[in-house]
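Positions are given from 1, in the same order as the sequence printed here.
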Amino acid sequence: MNIMLFHSTYGLRPAVHRAADRLRAAGHEVWTPDLFDGRTFDTVEEGMAFNEELGKEELLKRAVLAAAPYSERGLVYAGFSLGAATAQTLALGDAKARGLLLLHGTSDIAATASVDGLPVQLHVAEPDAFETDDWLSAWYLQMRKAGADVEIYRYPGAGHLYTDFDLPDFDEEAAEATWRVALGFLDTL
């Protein structure tokens, strides 16, 4: 599978490279574009401030430019938190998208979004301050209305970015469970 993997608001950190290596070891081709031009952040607040300064349109433009050379191959879009939101936006706008793997995040869905059975898998902490139960319920219904085939996996007690081994949120058990399920999902595409 060809996978475009987007980083979180922390930037392109070692955890993203480690995830890409894990996906490559499973036989996938993976690209990890740096949407922040080499900048990484120690706190979510610093990353969010930079993201706001950069602007949503510029971030999306960078993501589209990164994916464009590979989109004809039929990409699986994937990402962590902010990167998941970015991946979702691109996948819903790419008629050739093969799948969507969301780790720790989602995004708004345009009322006009329409996909034909796009396989979508979401992995989030439970509870998650950024992905509340009410939000996820509405998100799920909107994704189904858009035509996506959605699976949601929740991880009780894990922190928001529980797959990032360098952050306090890291939860090894939840991270390993996530990767087992995600790799199985990718094998079905």
Side-chain angles (χ1 to χ4, degrees), residues 1-35 40-41 43-44 47 63 67 75-92 97-107 109 118-140 142-144 148-189:
M1 204 52 46
N2 297 302
I3 302 170
M4 184 64 55
L5 181 62
F6 293 105
H7 61 75
S8 74
T9 196
Y10 286 93
L12 188 56
R13 297 164 30 91
V16 179
H17 293 295
R18 189 173 179 181
D21 288 344
R22 178 174 261 189
L23 293 167
R24 288 182 188 111
H28 304 289
E29 191 162 358
V30 183
W31 295 274
T32 55
D34 185 349
L35 304 180
T40 59
F41 303 96
T43 69
V44 69
L75 291 170
V76 171
Y77 292 92
F80 298 94
S81 194
L82 170 69
T86 302
Q88 177 186 305
T89 300
L90 267 62
L92 293 179
R98 301 279 308 273
L100 176 59
L101 176 60
L102 303 172
L103 303 165
H104 322 295
T106 60
S107 183
I109 302 163
L118 179 71
V120 178
Q121 194 173 84
L122 169 64
H123 296 267
V124 291
E126 182 177 26
D128 188 318
F130 296 100
E131 301 291 325
T132 65
D133 290 341
D134 289 345
W135 168 263
L136 287 175
S137 294
W139 175 85
Y140 175 82
Q142 290 172 344
M143 286 295 281
R144 295 290 296 160
D149 182 13
V150 182
E151 300 176 340
I152 299 176
Y153 293 86
R154 305 291 303 266
Y155 299 87
H160 176 65
L161 272 168
Y162 64 83
T163 61
D164 190 324
F165 60 91
D166 281 333
L167 295 176
D169 285 348
F170 180 63
D171 182 316
E172 185 173 8
E173 185 178 327
E176 288 305 313
T178 294
W179 286 115
R180 274 192 306 277
V181 173
L183 289 170
F185 169 70
L186 292 169
D187 286 345
T188 67
L189 303 180

Enumerate, atom names and distances included, each donor-acceptor pair closer than 3.5 Å involving a side-chain atom of residues 1-12, sequence neighbours excluded.
unit_1 : atom_1 : unit_2 : atom_2 : d
His7   : NE2    : Leu35  : N      : 3.0
Ser8   : OG     : Tyr10  : N      : 3.1
Thr9   : OG1    : Gly47  : O      : 3.0
Thr9   : OG1    : Met48  : N      : 3.2

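Leu136 has its side chain within reach of Leu122: a pair of non-hydrogen atoms, C-beta onward, lies under 4.5 Å apart. Counting only heavy atoms from C-beta outward, the side chains of Met143 and Asp149 never approach each other to under 4.5 Å.
Among pairs with a residue in residues 153-164, those fulfilling salt bridge (charged side-chain N to carboxylate O under 4.0 Å, His left out) read Arg13-Asp164, Asp133-Arg154, at least two apart in sequence or across chains. Applying the salt bridge (charged side-chain N to carboxylate O under 4.0 Å, His left out) rule to pairs touching residues 165-188 yields Arg22-Glu176, sequence neighbours excluded. Note on residues 75-90: no pairs pass salt bridge (charged side-chain N to carboxylate O under 4.0 Å, His left out), not counting sequence neighbours.
For Leu183 against Ala26, the heavy-atom pair with the smallest separation is CD2-CB, 3.8 Å. For the residue pair Ala125 and Gly159, the shortest heavy atom distance occurs at CB-O, 3.5 Å. When all heavy atoms are compared, the tightest approach of Phe165 to Ala15 is CE2-CA, 3.5 Å. Considering every non-hydrogen atom in both Ile152 and Tyr140, the closest pair reads CD1-CD1, 3.8 Å. The two residues Leu161 and Phe80 have their closest heavy-atom pair at CD2-CB, 4.2 Å. The nearest pair of heavy atoms linking Thr89 to Ser107 is OG1-OG, 4.1 Å.
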- prompt: Yes or no on salt bridge (Lys or Arg N to Asp or Glu O under 4.0 Å) for Arg18 and Asp21, after CA distance, side-chain angles and deciding distance?
  reply: CA-CA 5 Å; Arg18 189 173 179 181; Asp21 288 344; over 6 Å; no
message: Quick one, Thr132 with Trp139, criterion side-chain contact (heavy atoms from CB on, under 4.5 Å). Give me CA distance, side-chain angles, the key distance, then yes/no.
response: CA-CA 10 Å; Thr132 65; Trp139 175 85; over 6 Å; no
- request: Report the C-alpha separation of Gln88 and Ile109 in whole Å, then their side-chain angles, then the decisive distance to 0.1 Å, and conclude whether the side-chain contact (heavy atoms from CB on, under 4.5 Å) test is met.
  value: CA-CA 9 Å; Gln88 177 186 305; Ile109 302 163; 3.4 Å; yes
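By the side-chain contact (heavy atoms from CB on, under 4.5 Å) test, Phe41 pairs with Phe36, Arg39, Glu46, Phe50, sequence neighbours left out. Not counting sequence neighbours, the partners of Ala91 by the side-chain contact (heavy atoms from CB on, under 4.5 Å) test are Tyr77, Ala97, Leu100, Leu118. Listed by chain and residue number, Phe130 satisfy the ring-ring contact (aromatic ring centres under 6.0 Å, His included) test with His160 (two or more places apart in sequence, or in another chain). Checked against side-chain hydrogen bond (donor to acceptor under 3.5 Å, both in side chains), Glu131 has the following partners two or more places apart in sequence or in another chain: Thr106, Trp135. With sequence neighbours excluded, no residue satisfies side-chain contact (heavy atoms from CB on, under 4.5 Å) with Ala138. For Tyr162, the ring-ring contact (aromatic ring centres under 6.0 Å, His included) partners are His104, Tyr155, not counting sequence neighbours. Residues forming a ring-ring contact (aromatic ring centres under 6.0 Å, His included) with Tyr153 (at least two apart in sequence, or on another chain): His123. For Arg98, the salt bridge (Lys or Arg N to Asp or Glu O under 4.0 Å) test picks out no residue, with sequence neighbours left out.
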